[in-house]
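Have a look at the structure below before the remarks.
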2 protein chains.
Amino acid sequence: MTPDDATIAAWVALATTSRELLERAERALKSEGHPPLAWYDALLAVEKAGPGGIRPVALKDRLLLPQYGTSRLLDRMVRAGLLERRPCPGDARGQVIVPTAAGRAQRAAMWPAYARFLAAEIGERLDPGEAAELARLLDKLRGAAG
Amino acid sequence: MTPDDATIAAWVALATTSRELLERAERALKSEGHPPLAWYDALLAVEKAGPGGIRPVALKDRLLLPQYGTSRLLDRMVRAGLLERRPCPGDARGQVIVPTAAGRAQRAAMWPAYARFLAAEIGERLDPGEAAELARLLDKLRGAAG
DNA sequence: CCGATATAGATGCACATGCATCAACTTGCG
DNA sequence: CGCAAGTTGATGCATGTGCATCTATATCGG
């Protein structure tokens, strides 16, 4: 029942490393006057969805956010002029999210800082083989459902 | 300047896996009526500090929390009767944190649920060699400073 | 010993999050 | 069709977090 040492070490390393790196990523963006990481992810997901836009329901799954979290993130980003809510053709309950020109520009503006962060914090510390192995182990850990 | 694919894959896997697992850990504890994970970590750190207790300044480094976050976490845990603030001998600005009997009991009560979570989510999915390798790669990633 | 500077910890304010619930609409079943 | 059940998205309320700043004490340089 008690987890073995390697399990505990992996857990501790996962918790601490992810905390630290996410923290550094947020700071890297904020220090250049950019919005939080979550906005980048949202903009990217919306852009990748193509011209039809994306439903908030779908977005929440991609972003691993709770429903109300998604609703409010969209509120803020719409208020900031980066996204637009449109009525959803074929489902009057729903809506469809599309990026504005400012939204696309914002994401593009964030990328260099983000890329620099990734190169410095990961690219510099792990060679590609190690990075791939790390991704493999993490994906294995993520498993299917909870 | 643009990070290679393996770097990006590692980053995405790190962000998503840590989010999901931390989320599941919180749910596992909450579903049995326990306080959040951070309380476990704090109780453990305070207990491990020994009879002299621990300074909030030291605690904040161990828990990777900002100073004000530590201050407020301690507020809540003191209010809940799990920790006690004592004047710090030799530094009248400071204080020393010690666990109450209820605090020790709370941590002990949380451990089975936590251990079950770790065994199920990590022990079952990675063999000890993989877990150790994961810990090694993550520690490498954590690096020294930002 | 005194004043400048640094460190420990708390806190007011704005904003973000979790939880529960709601209103609107859609779907499936008799 | 018509009603029960499910899905989409929003929101009131309590709580948590980030930021800046404040107070009190400690330390260091002269």
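On a predicted model such as this, the values are computed, not experimentally measured, just so you know. Lettering follows sequence order; numbering is per chain, from 1.
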N/O-N/O pairs, protein side and nucleotides 24-27 of chain D side, under 3.5 Å:
from	atom 1	to	atom 2	distance (Å)
D:dA26	OP1	B:A92	N	2.7

Rounded interatomic separation in angstrom, taking CG from B:L22 and P from C:dG18: 12 Å
Selection: residues 56-74 of chain B, any non-hydrogen atom under 4.0 Å of DNA chain C: B:P56, B:V57, B:Q67, B:Y68, B:S71, B:R72
Working note: B:E121 + A:L141, criterion side-chain contact (heavy atoms from CB on, under 4.5 Å); need CA distance, chi angles, decisive distance, verdict. CA-CA 7 Å; B:E121 299 285 342; A:L141 209 51; over 6 Å; no
Value in whole Å for how far the P atom of C:dA10 lies from CZ of B:R76: 13 Å
What integer distance in Å separates B:M77:CE from D:dG16:P? 12 Å
Nearest nucleotide by nearest heavy atom, which residue falls closer to the 5' end of DNA chain C, B:K30 or B:D75? B:D75
Identify whether B:L59 and B:W39 are in the same connected component of the hydrophobic contact network (ILVMFWY, side-chain heavy atoms under 4.5 Å). yes
Run the numbers on B:E130 and B:R125 for side-chain contact (heavy atoms from CB on, under 4.5 Å), then give the verdict. CA-CA 9 Å; B:E130 288 175 319; B:R125 298 187 207 261; over 6 Å; no
Salt-bridge test for A:E23 and A:R27: reply yes if a basic N is under 4.0 Å from a carboxylate O, no otherwise. yes
Residues, nucleotides or ligands: over 12 heavy atoms within 6.0 Å of B:D61 CG: yes
Count I, L, V, M, F, W, Y as connected when their side-chain heavy atoms are under 4.5 Å apart, and connections chain through other members. Are B:L43 and B:V98 then in the same cluster? no
Answer yes or no: are there more than 12 heavy-atom neighbours, outside B:R62 itself, under 6.0 Å from its atom CZ? no
Please confirm whether the shortest side-chain N or O distance from B:R27 to OP1 or OP2 of C:dG18 is below 4.0 Å. no
Relative to the 5' end of DNA chain D, which residue comes earlier, A:V96 or A:E23, by the nucleotide with the nearest heavy atom? A:V96
Between the side chains of A:E32 and A:K30, is the shortest nitrogen-to-carboxylate-oxygen separation below 4.0 Å, so that they form an ion pair? no
Can the ring centres of A:W111 and A:F117 be said to be less than 6.0 Å apart? no
In whole angstrom, give the distance that lies between atom CG of A:L29 and atom P of D:dG18. 16 Å
Whole angstroms only, please: what is the CD-P distance between A:Q95 and D:dT7? 18 Å
